[in-house]
Amino acid sequence: MRMYDIIQKKRDGEQLSEQEIRFFIDGYTKGEIPDYQVSALLMAVFFQDMTEEERAALTSAMVDSGDKIDLSAISGIKVDKHSTGGVGDTTTLILAPLVASLGVPVAKMSGRGLGHTGGTIDKLEAIPGFHVEITSDEFINLVNKNKVAVVGQTGNLTPADKKLYSLRDVTATVNSIPLIASSIMSKKIASGADAIVLDVKTGAGAFMKELDEANELAAAMVSIGNRVGRNTMAVISDMSQPLGNAIGNALEVKEAIDTLKGEGPEDLTELCLTLGSQMVVLANKADSLEQAKEQLKANLTNGKALEKFKVFLESQGGDPSVADNPEIMPQASHKVELPALKSGIVSEMVADNIGTAAMMLGAGRATKESEIDLAVGIILHKKIGDHVSEGEPLLTIYANNEDISDVKEKLYASITVSDQPVEAPPLIYGTVTE
Ligand code: URA
Ligand code: CA
């Protein structure tokens with residue numbers, strides 16, 4: 001087999017065989033096929049697309065390029081949730097203990113944040129003592145015992161994806177549905193889940209800004225998951241504005257605790273109930289979505305979800321008293337309100353720009369090496385569709401720096417107040433199943 005022929009075949013719009021896809025992934029991972037040939041193939045895929053069979057074969061080949069996490073020692077159907085990335089997306093912190101409180105095993109492998117999106121591990125590390133450095137045996141034992149544990153990324157997962165992603169980044173081939181879908185799904189599948197609930201974001205703060213692109217990506221990922229034997233479904237949700245009110249690590253933990261007490265922001269609570277009920281049904285722990293949602297709602301108000309959160313924290317060294325005393329987490333030295341410059345209806349709160357403002361405060365990493373400040377961030381007091389009066393605070397900035405004029409400028413540029421009536425965007429646009 002020759003890479004030249006594979007490139008030519010895709011260039012001419014033909015379908016690659018599974019053997020050809022494996023040849024290119026294996027050869028590239030081993031360093032036997034050069035970047036310039038793979039670049040040419042990626043560009044051909046960008047223009048010619050891939051069939052559902054090709055996408056599934058590409059994903060499987062990437063999964064097989066490295067280690068695979070074996071969760072078979074955990075009893076029950078392991079359901080993972082993946083979000084395509086958002087700002088102030090606190091759902092994992094809530095969903096993990098919430099669905100575990102109904103007996104769904106949650107074996108979560110999480111990462112750190114980069115750029116304007118936050119990472120679950122960073123958020124959890126705002127809790128004194130909490131750590132994710134546990135062995136795989138401890139991880140499996142904890143999930144069997146408590147139904148929930150979070151571990152940092154371990155092993156050499158999908159090295160083919162790492163190489164391809166870096167190459168796509170410099171060859172203008174990131175924005176391709178078959179390449180994005182296989183990249184995301186390969187990592188989820190290598191992480192060992194039996195079933196996957198995807199939260200595909202759409203709107204200004206999302207990777208897929210337009211709804212039809214988000215639908216297309218969701219359908220591509222659902223098809224791959226089901227073809228490789230993992231029960232997969234997707235929810236399309238709004239990321240035109242940040243989710244919930246808190247952006248920043250300790251602030252989002254506090255928001256998660258409020259939500260686990262049944263006192264969280266409406267949009268965040270609703271999205272968690274929607275994603276959570278899909279997870280519960282995929283795990284066979286409820287007969288219908290309605291039943292699952294009722295049970296989840298009950299556990300937010302009867303204390304069971306919060307209790308599960310405390311058990312989870314304590315089992316990984318975290319101080320469970322944070323649930324009653326969130327002030328034991330790092331606190332910012334300055335709280336500064338950002339007043340509205342005129343009266344009207346909030347019409348825009350561009351999520352990724354607000355995420356960037358939080359990063360400028362130190363809540364996120366500009367580069368992989370940056371240190372983050374767990375205390376800082378933003379609490380929104382208004383969301384799209386809300387009325388605001390001149391001088392009323394749009395949000396509060398939590399900072400450890402005296403001079404935050406650049407952050408204020410960025411935030412004012414991200415928020416629009418209109419004279420015209422504006423409706424809040426829908427939170428959920430739909431679901432995609434096979
Ligand atoms: N996220 C990924 O993991 N891969 C992509 O290709 C795009 C976004
Ligand atoms: Ca939030």
Side-chain angles (χ1 to χ4, degrees), residues 21 24-25 28-29 35 38-39 41-47 49-50 54-63 65-69 80-87 89 91-92 108-121 152-153 155-193 196-210 213-225 228 230 232 234-237 239 351-352 355 364-365 368:
I21 289 170
F24 123 69
I25 289 293
Y28 188 50
T29 309
D35 281 350
V38 176
S39 302
L41 180 62
L42 291 173
M43 192 56 83
V45 168
F46 184 92
F47 283 111
D49 205 345
M50 281 182 137
E54 287 179 299
R55 294 170 181 189
L58 176 60
T59 306
S60 296
M62 292 208 285
V63 171
S65 73
D67 297 342
K68 281 169 269 185
I69 307 293
D80 202 356
K81 186 233 36 160
H82 177 78
S83 149
T84 60
V87 173
D89 186 348
T91 53
T92 300
K108 188 84 195 152
M109 186 179 276
S110 274
R112 295 184 187 278
L114 185 61
H116 67 266
T117 46
T120 297
I121 293 183
Q153 258 132 22
N156 178 31
L157 293 194
T158 62
D161 175 62
K162 290 195 185 80
K163 280 191 87 170
L164 280 178
Y165 198 85
S166 309
L167 191 59
R168 287 165 56 205
D169 215 15
V170 295
T171 56
T173 50
V174 168
N175 214 346
S176 154
I177 297 271
L179 298 179
I180 299 169
S182 56
S183 166
I184 294 173
M185 290 304 288
S186 68
K187 286 174 277 202
K188 285 289 116 183
I189 292 161
S191 308
I196 301 163
V197 171
L198 299 162
D199 178 14
V200 178
K201 307 286 193 187
T202 185
F207 207 60
M208 295 288 144
K209 312 252 180 254
E210 303 298 330
E213 290 175 325
N215 269 316
E216 208 187 322
L217 178 63
M221 293 195 288
V222 168
S223 157
I224 290 171
V228 304
R230 312 295 167 109
T232 304
V235 171
I236 315 278
S237 73
M239 193 37 77
D352 46 359
R365 289 185 186 78
K368 271 187 195 153

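Remember, it's 1-based here, ligands and their atoms both numbered in the order they're listed. As the structure is a prediction and not an experimental result, all values here were calculated from the model.
Side chain of Arg230 to main chain of Gly225: no donor-acceptor pair is present (N/O by atom type, distance under 3.5 Å, no hydrogens or angles). Formation of a donor-acceptor pair under 3.5 Å by the Ser223 side chain with backbone atoms of Ala219 is not found in this model.
In this structure, ligand 1 sits under 4.0 Å from heavy atoms belonging to Tyr165, Arg168, Ile180, Ser183, Ile184, Lys187, Phe207.
Side chains of Thr91 and Lys81: a donor-acceptor N/O pair is present below 3.5 angstrom, by distance only. Side-chain contact check for Ser83 and Lys201: no donor-acceptor pair (N or O, by modelled atom type) lies under 3.5 Å.
A salt bridge links Lys209 to Asp352: one of the charged nitrogens lies within less than 4.0 Å of a carboxylate oxygen.
In this structure, the side chains of Ser183 and Leu164 stay at 4.5 Å or more apart for every pair of heavy atoms.
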